[in-house]
Structures are given as structure tokens and as C-alpha cells.
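See below for the structure under consideration.
Since this is a predicted model, take the numbers as computed values, not measurements. Both counts, for ligands and for their atoms, begin at 1 and track the order of listing.
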Amino acid sequence: MSSIQYYMPADLVEASRILQAVEHSHVIAGGTDLVPKMKTGVLKPRALVDLSKIKDLSAIVSTPEGLYIGAMANVADLADRQSPANSYAVLRLAARSLGSPQVRNLATIGGNLCNAAPSADLATALLALDAQVEISGATGVKTVPLDQFFKGPGYTVLQRGEILTRVFVPSYMKVWKSFYLKHTIRRSMDIAVVAVAASVLWDEKSREVKDVRIALGAVAPTPLRARSTEKAIRGKILNEATITAAASEAMNECRPISDVRGTATYRRILTKVLTTRALRILAEC
Ligand SMILES: Cc1cc2nc3c(=O)[nH]c(=O)nc-3n(C[C@H](O)[C@H](O)[C@H](O)COP(=O)(O)OP(=O)(O)OC[C@H]3O[C@@H](n4cnc5c(N)ncnc54)[C@H](O)[C@@H]3O)c2cc1C
């Protein structure tokens with residue numbers, strides 16, 4: 001087996017420089033996606049760039065504009081009752097559903113997004129929160145809306161040398177009601193067969209849906225913002241007729257594949273069922 005260089009840079013400039021300079025170098029965060037891929041030979045990195053020594057990359061900070069979550073913040077911190085992330089139910093529920101306590105202690109939010117699995121729990125939840133990601137690279141720092149970050153299974157807009165540094169959730173989302181539902185084959189320690197993340201802003205007087213975000217996990221090449229489903233709900237009263245119409249729309253706009261966890265047809269039906277359940281729960285909030 002060939003040797004692997006292991007770097008622990010003290011700042012982002014150095015980390016970025018190594019990733020640019022060394023061919024087949026990869027960021028390692030918690031390693032819960034990366035290491036299994038190395039063990040099975042799917043990935044054969046020549047160098048690993050460990051971000052754990054870079055200051056402030058694990059911070060979770062609530063400001064008047066919104067919540068800033070460092071890329072190295074782990075999932076256990078997001079699931080913690082004391083975390084500022086607790087104000088966003090959909091994110092808390094997604095974090096609590098991810099893996100096991102051991103996995104959550106290692107797994108990071110940055111890793112969950114950059115691994116770009118269609119089933120990534122935090123990715124799906126964050127799409128329903130209008131999240132943005134901050135990317136640092138040789139040309140400086142840029143911000144990208146999360147719904148433009150994913151390119152395909154395992155692929156993102158990140159270029160060689162670029163590092164995801166922070167995730168931003170706008171504070172206006174704090175007053176939206178949100179929920180996360182995930183269907184798995186096993187009760188725990190399993191990735192989603194289908195997941196639905198939903199956020200709703202009510203008009204308190206009329207109980208009309210002023211605005212809505214729906215995101216679907218594991219039913220498309222990337223976590224999917226379900227815009228046609230949102231259209232079927234926006235401006236309406238969330239009664240059984242609206243919920244049924246929206247859930248049918250979700251079933252139509254998802255693009256699942258068949259794999260070991262379920263057939264495409266099963267996933268489409270599940271999408272309808274979970275969307276119905278999530279919207280019924282939100283209608284009671
Ligand atoms: C037993 C088990 C159960 C799991 N269950 C679930 C589950 O229920 N739901 C779920 O969504 N996932 C699950 N996972 C997958 C995994 O735990 C998560 O995706 C996790 O969030 C990955 O984070 P990490 O820090 O371990 O990433 P790593 O494995 O360190 O990195 C993943 C990828 O992202 C890149 N990367 C990491 N951070 C950055 C960054 N800041 N900038 C640029 N690139 C970066 C790495 O180079 C690598 O390609 C499970 C994994 C295991 C082993």
C-alpha cells in the first residue's frame with residue numbers, strides 16, 4: 001500500500017495551498033464518509049488535509065442576521081439542546097436522525113454537504129432553510145446558495161483547493177415552522193430511503209401559507225428543492241385538499257432511482273406519504 005501524507009495546516013491559506021499543490025489530496029474532517037471510501041478502495045488519496053487545527057472552524061454563532069455554523073462543527077453539536085441551531089426544528093431533527101451517537105460525534109456539517117450524497121440529512125434540511133455556504137480558495141471567499149452547491153452524486157461546485165468554511169442560515173427562518181421526516185429500513189444508523197424537509201411561514205390571521213420551502217432527500221441525483229410542490233401550497237390554506245395536491249406534486253417532481261434500499265416506484269410513493277405527513281404536522285403548528 002502506498003503511503004499517504006497527512007497535513008494539519010494552521011490556517012485556511014495553507015490548507016488551500018496544499019490542496020492546490022498536491023495532486024490527489026483531499027480534505028479530511030470527521031472521516032466518516034472519507035475513511036470507508038479509502039478502506040474499500042473507492043478513493044486513493046496521496047495526501048489528507050486535516051482541518052481540525054484551523055481556529056474557529058467549529059464555531060456555531062447566532063447573530064441578528066442569522067446562524068453561522070463552522071464547517072467543522074459536528075452533528076452532535078447541532079443536535080444538542082443547548083445549541084443555537086435548536087431554533088431551527090428541521091435542522092435539529094435531521095441532525096438527531098443522522099447515524100449513531102458515535103458517528104454524530106465525528107461527522108461534520110461540512111463533510112455532510114461536501115460528500116454530496118443525495119440522502120445527506122443535513123443537506124436536505126438546510127435546503128428547506130434557505131441556507132448558503134461560504135467557500136474559501138485561492139481567489140478569496142465567496143458565498144453560494146445551497147441549492148446551487150450540489151452538481152450530482154458526490155459532486156459539488158467546489159474547485160480544486162477550495163474549502164467549505166461556513167454554513168449560513170438566515171434569521172428570518174427562525175419564525176417559520178419546520179419539520180423533518182426520514183424513512184429508513186433500520187430504525188437507527190441508516191441513511192434515508194426518502195426524506196422530506198418542510199418549512200412554512202404562516203399568515204397568523206388568515207392561516208394562509210405566506211411562504212414555504214420543501215426539500216426532498218434520496219430521490220434525485222442531489223438533495224432536491226421541490227419548487228413545484230411549494231407552488232401548490234404557497235398562498236393556500238393548508239387543508240387536506242391542498243396537502244393531497246402538494247404531495248402528488250412532490251411524487252411527480254422527484255426523480256428517484258432503484259437501488260438496494262428500494263425501487264424508484266416505492267420511493268415515489270414514499271415521497272407522497274412523507275410529504276403528506278410532514279404537511280399535516282405543520283398544519284397543526
Ligand atoms: C455508520 C455510518 C452511518 C451514517 N449515517 C448517516 C445518516 O444517517 N445520514 C447522513 O446524512 N449521513 C450518514 N453517514 C455519512 C456521514 O457520517 C456524514 O455524511 C457526515 O456528515 C460526513 O462528515 P465527515 O466530517 O465525517 O466528512 P469526511 O468523511 O471527513 O468528508 C467527506 C467528504 O467531504 C470532503 N470535505 C469535508 N469537509 C470539507 C470542507 N470543509 N471543505 C471541503 N471539502 C470537505 C472530504 O474531502 C470528503 O470528500 C453515516 C456514516 C457512517 C459511517
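Checking only distances, Met189 never comes within under 3.5 Å of ligand 1, N or O to N or O. Residue Leu164 places at least one N or O, backbone or side chain, under 3.5 Å from an N or O of ligand 1. At least one N or O atom of Thr108 sits closer than 3.5 Å to an N or O atom of ligand 1. Ligand 1 has no N or O atom lying under 3.5 Å from any N or O atom of Leu158, backbone or side chain. For ligand 1, none of its N or O atoms has an N or O atom of Glu162 under 3.5 Å away.
Ionic pairing of Glu14 and Arg17 is present here: one or more N-O contacts between side-chain nitrogen and carboxylate oxygen are shorter than 4.0 angstrom. No salt bridge links Lys142 with Glu134; every basic N to acidic carboxylate O contact stays at or beyond 4.0 Å. For Asp203 and Lys210, the salt-bridge test fails: no basic side-chain N is under 4.0 Å from an acidic carboxylate O. Using a 4.0 Å cut-off between charged side-chain N and carboxylate O, Arg92 and Asp80 make no salt bridge. No salt bridge links Arg213 with Asp147; every basic N to acidic carboxylate O contact stays at or beyond 4.0 Å. Ion pairing between Lys231 and Glu249 fails under the 4.0 Å rule for side-chain N and carboxylate O.
Using a 4.5 Å heavy-atom threshold, the side chains of His26 and Arg46 count as separate. The shortest distance between side-chain heavy atoms of Phe149 and Leu113 falls below 4.5 Å.
Of the candidates Ile135, Asn112, Val133, it is Asn112 that places a heavy atom closest to atom 12 (N) of ligand 1. Here the shortest heavy-atom distance to atom 44 (N) of ligand 1, taken over Ala195, Cys114, Gly30, belongs to Cys114.
Remark: minimum distance from atom 22 (C) of ligand 1 to any protein heavy atom is reached at Asp33 OD2, 3.1 Å. Of the protein's heavy atoms, Val103 CG1, 4.2 Å lies nearest to atom 50 (C) of ligand 1. Counting only heavy atoms of the protein, atom 46 (C) of ligand 1 lies nearest to Val27 O, 3.1 Å. Nearest protein neighbour of atom 9 (N) of ligand 1, counting heavy atoms only, is Asp121 OD2, 2.6 Å. When only non-hydrogen protein atoms are considered, atom 4 (C) of ligand 1 lies nearest to Gly99 CA, 4.0 Å. At the shortest separation from atom 26 (O) of ligand 1 among protein heavy atoms lies Thr32 OG1, 2.6 Å. Of all protein heavy atoms, the one lying nearest to atom 49 (O) of ligand 1 is Leu34 CD1, 4.0 Å. In terms of protein heavy-atom proximity, atom 37 (C) of ligand 1 is closest to Gly111 CA, 3.6 Å.
From Thr108, atom OG1 reaches atom CG of Asn115 across 10.0 Å, with rounding to the nearest 0.5 Å.
Residue contacts with ligand 1 do not include Lys37, since none of its heavy atoms lies under 4.0 Å from the ligand. Under the 4.0 angstrom criterion for non-hydrogen atoms, Asp190 is in contact with ligand 1.
Of the possible polar contacts, none joining the Ser25 side chain to the Ala47 backbone as a donor-acceptor pair under 3.5 Å is found.
Ring pair Tyr266/His183 is perpendicular by interplanar angle, where above 60° counts as perpendicular and below 30° as parallel.
Residue-level proximity to ligand 1 for Ala29 is carried by backbone and side chain together, each with a heavy atom below 4.0 angstrom. Counting heavy atoms closer than 4.0 Å to ligand 1, residue Arg166 contributes nothing at all.
Thr229 and Glu253 share a side-chain donor-acceptor pair at under 3.5 Å.
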